[in-house]
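Since the structure comes first, as C-alpha cells, the remarks are kept for the end.
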Amino acid sequence: MESAARSLFSLPAQQKLKVARSPGQISGYGFHLIAAFWDKQQWSECFTIVGSPLEHYEQLWPQDYTKFCCITEEFEKEIKKLASRLMWLMLASLGISKDDVEWDGPKGDDQNASAVFQFNSYPSCPDPDRTIGLVPHTDSSLVSIVHQSNIDGLQVFREGTGWFTIQPVPGALVVNVGDLMSILSNGLYSSVLHRVLVKRAQHRISLVYHYGPPAAVKIAPLEKLFGPSHPPLYPPVTNWNEYISTKAKLKGKALPSLRLYDPLMK
Ligand SMILES: O=C(O)CCC(=O)C(=O)O
Ligand SMILES: [Fe+2]
C-alpha cells in the first residue's frame, strides 16, 4: 500500500491535479484536510479516499487502476477490522459493551462505520526548520491508525514533557485517539495532539485510516460513563461531518470549546 501511495505522489503534478479535491469535498488530491483549520501553509500534499477510490484511480492510472483498486480495497478491509476491534477493546476496558452503544449495527457489525483514508506525502525540504509538515492538531475520528513506514517525523505532545518523536518500529502501526472518542468516553480517553516535521533529505509517506461512526449518527458521552459525580463533559454532536465543520469554524479548537466544565476544577 505504501508503494501505491509513493507511486501516486510521484505522478506529474498535472496528473495529480486531475483529481484535485473540489471545494466542499473531502476526497481527492490537495492539501491536508486540516489546512482548512489553519492559515499557515504546510510542507505536505495529501490524497484522501472516502468510499471507493475507483473514479479517481481511473484518472490517475488509466492503465493500472484495477491493480491499485485491489490493493486499496484489501488494505482498507483489514484496517477497518483492526480499527473496529481496537475501538471495542478500548470501550470494553471502560466497561462498555456493544449493547451500550446504540449506533452500532446488528451484532456489533461495523458495516456502516465511516472512514477517511488518507495518504500523506512530505517531500524533502531544503530548510526543514522553517516549515512544518502538519501543524499540531488532534484527529476528529474515533481512532486513527497510522502507518509511518521507517522515516520519523510524527511527534506527540505530552503535558509536562513537550513534543516527542514517535520512532518508527518496523511492522508497527501507531494508534491515535480522536476527538469523537474523547466525547464518547466522556473524557476518559483524550485525543492526542500531534504534528509532523519534515526532513532535509528524505521524502516521507504516511497512510492514515481515520475510523468514525456511521455518517448520520449522533455522538454523545455514553450514559454508563456519567452520573451525579461525573456529569457529561461534552454536549452531543449531531454527526461526524457537523463536528468537522464546527472544528473548521473554530480553527481546530472544537473539543476544548465544547467542554461543559473544566474537568480539573471539580
Ligand atoms: O504523517 C503522519 O505520521 C501523521 C499524519 C496525521 O496526523 C494525519 O493525517 O492526521
Ligand atoms: Fe493527525
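Whatever order the structure lists ligands and atoms in, that order sets their numbers, starting from 1.
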Those atoms of ligand 1 less than 4.0 Å from some heavy atom in Gln118: 9 (O)
Applying ring pair (Phe, Tyr, Trp, His ring centres under 6.0 Å) to Phe47 and Phe119, what does each step give before you reach the verdict? CA-CA 5 Å; Phe47 178 73; Phe119 306 171; 5.7 Å; yes
For atom 10 (O) of ligand 1, which of the options Leu207, Thr48, Asp139 provides the nearest non-hydrogen atom? Asp139
Tell me which protein heavy atom sits closest to atom 6 (C) of ligand 1, plus the residue, atom name and distance to 0.1 Å. Leu134 CD1, 3.5 Å
Between Glu2 and Arg6, is there a side-chain N and carboxylate O pair less than 4.0 Å apart? yes
Charged N to carboxylate O below 4.0 Å: is that the case for Lys247 and Asp179? yes
Checking the side chain of Ser185 only, and the main-chain atoms of Met181 only, is there a donor and an acceptor separated by less than 3.5 Å? yes
Quick note on ligand 1: atoms under 4.0 Å from a heavy atom of Val146 include exactly 3 (O)
Ring centroid separation for Phe75 and Tyr209, is it under 6.0 angstrom? no
For Tyr234 and Gly187, indicate whether the former's side chain and the latter's backbone hold a donor-acceptor pair under 3.5 Å. no
Test your reading of the structure: does Gln148 have an N or O sitting under 3.5 Å from an N or O of ligand 1? no
Are any of the side-chain nitrogens in Asp152 or Lys199 under 4.0 Å away from the carboxylate oxygens of its partner? yes
Take a 6.0 Å sphere around CD of Glu223 and say whether it holds more than 12 heavy atoms from other residues, nucleotides or ligands. no
For atom 3 (O) of ligand 1, what's the nearest protein heavy atom and its distance? Arg204 NH2, 2.8 Å
Taking 2.8 Å as the upper limit, name the protein N, O or S atoms near the Fe ion (ligand 2). His137 NE2, Asp139 OD1, His194 NE2
protein heavy-atom neighbour closest to atom 4 (C) of ligand 1 works out as Val196 CG2, 3.8 Å
The answer for which part of Val174 has a heavy atom under 4.0 Å from ligand 1 is neither
Looking at atom 8 (C) of ligand 1, what's its closest protein heavy atom, distance included? His32 NE2, 3.4 Å
Taking the six-membered ring for Trp, is the centroid-to-centroid distance between Trp61 and Tyr65 below 6.0 Å? no
4.5 Å side-chain heavy-atom contact, Val174 and Gln148: yes
Evaluate Asn176 for polar contact with ligand 1, using N/O atom pairs at a separation under 3.5 Å. no
Would you find a donor on one side and an acceptor on the other, under 3.5 Å apart, between the side chain of His194 and the backbone of His137? yes
Ligand 1 to His194, heavy atom cutoff 4.0 Å, flagged ligand atoms 7 (O)
